[in-house]
Amino acid sequence: MAEIKPLRAWRYNDELAKGIDDITSPLFDVVSQKQRDKLYQNPYNSIHLSVPKGENAAHNSKKTLEEWKKTGAIQHDELPGIYVYYQYFTLAGSQREYCRKGFICNIRAYHWDENVILRHENTMPHSVNDRIDILKETELNVSPTHGLYTDENFELEQYMDESMLRPIYETEDYQGVRDVLSVIHDAEVIRKFIKVIEDKKIILADGHHRYEGSMIYRQERMKNNPNHTGDEGYNFHLMFLTNTEADDLRILPTHRVIKGLENFSPTELIKKLEEYFIIKPVEEAHSINEIILGKQWAFGLLFKDFAIKVRLKPEMLDTMTWKFPDAIKALDLTVMHYFIIEKCLGIHGKDQRASSILEFDRSFSDCLAKVITDEAQMAIITNDISMEDVKQVCYSGFTMPQKSTYFYPKVICGYLFSSIKEDEFKSPSHSCF
């Protein structure tokens, strides 16, 4: 099944690492323009590799990487290792501290058809192309994607806990999350990690665009290399792996924002909704996310001057014409995209991936502010989804709409980088890998 390898990471030199808080950054798909502008001011911040500036951004990333290597700003670890990564966090309204335990390694960039890496949502083509461009120029995995494996026996946690007694880095990131990194060099222990994962399928939790970029790049390099062996660096991708059975996986809802829809009329929309939904007015718009909490097929619709709760009439589910298994049809997200976005707003399913009218926002307060200030015409507030829902979709072979999940917290960029350049990818001759 899944083949993983330890890696020789590129990491900031000891002097720069003293200020590791100042050189880490959010992932490319969540970093705001305001955050970018601030991070760009530090010439060594990892943002210069992950979200480079300029018209020829990917080439600029390559030039920055070459300069950092030349000056020793980043250095190549001598030995291959498994990098243990813990994230300590709390959730709003709770004092409980969670710890998401996992490890970072190289994993073969399997094609979706190989059914080893399982996706649960669609990607947006322009974002994939952007990641491929940077990968081609730099031959570097700048940040790990997030994958999930299932191990009910928790065989690896004891080794991770032991490694965490000797951390390399410890920071508090932009999310208020405490991130801690350590490394395992023990060859025998690393082989245990390889053994545990080798019979697993991996669910891709976060990073679909980056992973698909690696997958496509691998296919291109394989096609153009008559001496392809399968061991080349371009066959592999950097991933953070965590256990689905641990009580540390949190999936936050991602709401939908509608803007720029021609001839938009809330009154006409409600008339269309009445065919499919039970509709109730909500007096306090700021409480609508609590009102729908835990209710199947229930959504909050925010408009400039009012808000409503809608809940699908159960008999309507059988009228859905999308050719999905019954379990996928019954998901809240499918119901929302079919009955609200396609049937009532008129954005057909096949067009939703590329639609400029449909945007995504995980912040309820941001959604509310956007409709009040006329930045958006309306917002659709939804519940979160469960890990079981994600598993069900992955094992069915179907996918959810894009941006369906927000696994929290996000990993950060800047702790380590993984080269797939052939002379840098190979382990030294004295290692066991």
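Remember, predicted model here, so these are calculated numbers, not experimental data. For the single chain, residues carry numbers from 1 onward in sequence order.
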**Request:** Check the pair R36 / Y40 against side-chain hydrogen bond (donor to acceptor under 3.5 Å, both in side chains), numbers first and verdict last.
**Result:** CA-CA 6 Å; R36 293 184 196 188; Y40 284 141; 4.8 Å; no
Under 3.5 Å, is there a donor-acceptor pair linking the side chains of [X] and [Y]?
{"X": "R11", "Y": "Y169", "value": "yes"}
{"X": "Y276", "Y": "T319", "value": "no"}
{"X": "R218", "Y": "H237", "value": "no"}
{"X": "S418", "Y": "N106", "value": "yes"}

[X] (side chain) donor-acceptor with [Y] (main chain) under 3.5 angstrom:
{"X": "S32", "Y": "Q35", "value": "yes"}
{"X": "Y338", "Y": "T321", "value": "yes"}
{"X": "W297", "Y": "A330", "value": "yes"}
{"X": "H337", "Y": "E342", "value": "no"}
{"X": "K304", "Y": "I372", "value": "yes"}
{"X": "S355", "Y": "D351", "value": "no"}
{"X": "D179", "Y": "Y85", "value": "no"}
{"X": "R256", "Y": "T254", "value": "yes"}
{"X": "D332", "Y": "A298", "value": "no"}
{"X": "R210", "Y": "P144", "value": "yes"}

Might you point out which heavy atoms bring [X] and [Y] nearest each other, and give the distance in Å?
{"X": "A376", "Y": "K259", "result": "CA-CB, 4.1 Å"}
{"X": "S163", "Y": "V183", "result": "OG-O, 3.4 Å"}
{"X": "M164", "Y": "V180", "result": "CE-O, 3.2 Å"}
{"X": "N141", "Y": "S214", "result": "OD1-OG, 3.6 Å"}
{"X": "M387", "Y": "I251", "result": "N-CD1, 3.9 Å"}
{"X": "F364", "Y": "I381", "result": "CD1-CD1, 3.7 Å"}

Given the side-chain rings of [X] and [Y], with only the six-membered ring counted for Trp, is the space between their centroids under 6.0 Å?
{"X": "F236", "Y": "F425", "result": "yes"}
{"X": "F339", "Y": "W322", "result": "no"}
{"X": "W68", "Y": "Y12", "result": "yes"}

Using a cut-off of 6.0 Å, state whether more than 12 heavy atoms not belonging to [X] lie near its atom [atom1].
{"X": "K63", "atom1": "NZ", "result": "no"}
{"X": "E152", "atom1": "CD", "result": "no"}
{"X": "K295", "atom1": "NZ", "result": "yes"}
{"X": "H111", "atom1": "NE2", "result": "yes"}
{"X": "E315", "atom1": "CD", "result": "yes"}

From [X] [atom1] over to [Y] [atom2], what is the distance, rounded to the nearest 0.5 angstrom?
{"X": "L302", "Y": "H255", "atom1": "CG", "atom2": "NE2", "answer": "9.0 Å"}
{"X": "S143", "Y": "L416", "atom1": "OG", "atom2": "CG", "answer": "9.5 Å"}
{"X": "N153", "Y": "E245", "atom1": "CG", "atom2": "CD", "answer": "10.0 Å"}
{"X": "L333", "Y": "D389", "atom1": "CG", "atom2": "CG", "answer": "8.5 Å"}
{"X": "L49", "Y": "W10", "atom1": "CG", "atom2": "CH2", "answer": "12.0 Å"}
{"X": "Y217", "Y": "K136", "atom1": "OH", "atom2": "NZ", "answer": "8.0 Å"}

Side chains of [X] and [Y] in contact at under 4.5 Å (non-hydrogen atoms):
{"X": "M378", "Y": "L269", "value": "yes"}
{"X": "K280", "Y": "V282", "value": "no"}
{"X": "S419", "Y": "L140", "value": "yes"}
{"X": "T64", "Y": "P52", "value": "no"}
{"X": "I203", "Y": "V390", "value": "yes"}
{"X": "F240", "Y": "Q87", "value": "yes"}
{"X": "S61", "Y": "E137", "value": "no"}
{"X": "F360", "Y": "V257", "value": "no"}

**Message:** Quick one, D248 with T242, criterion side-chain hydrogen bond (donor to acceptor under 3.5 Å, both in side chains). Give me CA distance, side-chain angles, the key distance, then yes/no.
**Reply:** CA-CA 9 Å; D248 54 18; T242 64; 5.7 Å; no
**Request:** Mind running salt bridge (charged side-chain N to carboxylate O under 4.0 Å, His left out) on E274 and K271 for me, showing each step along the way?
**Result:** CA-CA 5 Å; E274 287 174 343; K271 288 180 181 178; over 6 Å; no
**Prompt:** V51 and L39: side-chain contact (heavy atoms from CB on, under 4.5 Å), yes or no, with the steps?
**Reply:** CA-CA 10 Å; V51 193; L39 297 173; over 6 Å; no
**Message:** Run D161 and Q158 through side-chain hydrogen bond (donor to acceptor under 3.5 Å, both in side chains) and show every step you take.
**Reply:** CA-CA 5 Å; D161 287 344; Q158 59 178 313; over 6 Å; no
**Message:** For Y408 and D384: C-alpha separation, side-chain torsions, deciding distance, then whether side-chain hydrogen bond (donor to acceptor under 3.5 Å, both in side chains) applies.
**Reply:** CA-CA 12 Å; Y408 183 84; D384 56 12; over 6 Å; no
**Request:** For T24 and Y174, run side-chain contact (heavy atoms from CB on, under 4.5 Å): C-alpha distance rounded to whole Å, both residues' side-chain angles, the deciding distance at 0.1 Å, then the answer.
**Result:** CA-CA 9 Å; T24 57; Y174 70 101; over 6 Å; no
**Message:** Assess the residue pair Y234 and L135 against the criterion (side-chain contact (heavy atoms from CB on, under 4.5 Å)); give the C-alpha distance rounded to whole Å, side-chain angles, the decisive distance to 0.1 Å, and a yes or no.
**Reply:** CA-CA 10 Å; Y234 60 72; L135 188 59; over 6 Å; no
**Asked** Is R131 positioned over the aromatic face of F28, cation under 6.0 angstrom from the ring centre and no more than 45 degrees off axis?
**Response**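 Geometry flag: set, cation within 6.0 Å and 45°.
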**Message:** side-chain contact (heavy atoms from CB on, under 4.5 Å) for I197 and I202? Distances and angles first, verdict last.
**Reply:** CA-CA 9 Å; I197 300 300; I202 306 299; 4.3 Å; yes
**Message:** Taking the basic N atoms (NZ, or NE/NH1/NH2) and the acidic carboxylate oxygens, is any pair closer than 4.0 Å for R108 and E114?
**Reply:**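 No, this pair does not count.
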**Asked** Do NZ/NE/NH1/NH2 and the carboxylate oxygens of K18 and D21 come within less than 4.0 Å?
**Response**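 Looking at K18 and D21, the cut-off is not met.
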**Asked** Hey, mind stepping through K195 and E198 against salt bridge (charged side-chain N to carboxylate O under 4.0 Å, His left out) and telling me if it holds?
**Response** CA-CA 5 Å; K195 185 69 175 176; E198 69 180 5; 3.0 Å; yes
